[in-house]
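Encoded as structure tokens, the structure appears first; notes follow it.
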Number of protein chains: 2
Amino acid sequence: MLGVKLKELRETNGMVQRQIAALLEVDTAFISKVEKEEKQISKNHISRLAKLFKVSESELNSFWVADKILALIEDEKKENIERILEIVSVSKKIKIK
Amino acid sequence: MLGVKLKELRETNGMVQRQIAALLEVDTAFISKVEKEEKQISKNHISRLAKLFKVSESELNSFWVADKILALIEDEKKENIERILEIVSVSKKIKIK
DNA sequence: CTATTTTTGACCAAATAAGTACAAGTAAAT
DNA sequence: ATTTACTTGTACTTATTTGGTCAAAAATAG
């Protein structure tokens, strides 16, 4: 989710992975894996990326957390996921669209 | 969530922590912390607990995963949690009650 | 062709999470 | 009142995960 989004943002801004890597002070190989959703960036990179691409930091952050959740539930059956999200939303008193 | 549930199950079955600890082959102190939600049991203990208490394994498992998710989102603002769960449910094509 | 960008796989270090050790506390039973 | 069974707090160890590197291979562009 976030990886693909970051790749889109990078490309619409006409940048190459090396430039993103330089900004975050990480290896380009790592950026490649992030964009292919093989690895996740650490949370503290998000604000820099949001500033770079001029997008909402909390929106990027929401995708970051969503990715973590998706990793947690990836082996669960659909019916169980429904139940899990119900437990979470009830516990947090939240209604989901 | 799960810790409290396990404590209730243990008590309605008239058992003490030491017995649960013996079943899972862990320290009794650890069980105490699990019930106080200070630690989480590892996922592979769940089937043994489900059998012991004769409850649905997938229901216990759902609470286990929900606990993980709750830990992930505990610092997020309510509005962001709504957004995050929306992203997850859309991505998994799920409708939440 | 060759130079640059992206991808891959094996590996590593630091952080986090699961679990332990043990002392000390509580409550009940004898 | 003291033994016994059970629970909790703090601090420690161990296992697992995760964020990241390095070198080399594969695409892509010029």
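In what follows, chains are A, B, ... by sequence order, proteins preceding strands, each numbered from 1. For clarity, every value in this text was computed on a predicted model and none was experimentally measured.
Considering every non-hydrogen atom in both A/K92 and B/K78, the closest pair reads O-CE, 3.9 Å. Smallest separation of non-hydrogen atoms from A/R18 and A/T28: CA-CG2, 3.6 Å.
Minimum atom distance to the side chain of B/V16 is reached by D/dT7, of the listed C/dT8, D/dG19, D/dT7. In this structure, the nucleotide among D/dT7, C/dA21, D/dT21 sitting nearest to the side chain of B/K33 is C/dA21. Across C/dT8, C/dG19, C/dT7, the shortest atom-to-atom separation from the side chain of A/E38 is found for C/dT8.
Not one side-chain nitrogen or oxygen of A/R18 sits closer than 4.0 Å to the OP1 or OP2 atom of C/dT7. Distances shorter than 4.0 Å separate none of the side-chain N or O atoms of B/S42 from OP1 or OP2 on C/dA17. Neither OP1 nor OP2 of C/dA18 sits under 4.0 Å from any side-chain N or O of B/H45. For the pair A/K39 and C/dT8, the criterion of a side-chain N or O lying under 4.0 Å from OP1 or OP2 is not met. Contact check, B/Q17 against D/dA5: no side-chain N or O comes under 4.0 Å of OP1 or OP2.
A donor-acceptor contact under 3.5 Å is not formed by the side chain of B/K36 with the base of D/dG9.
Residue A/K68 is classed as a sugar-phosphate contact, given heavy-atom separations below 4.0 Å to backbone atoms only. Using a 4.0 Å heavy-atom cutoff across all strands shown, B/S32 reaches at least one base atom of the nucleic acid. Counting non-hydrogen atoms under 4.0 angstrom, B/E35 reaches nothing in the nucleic acid.
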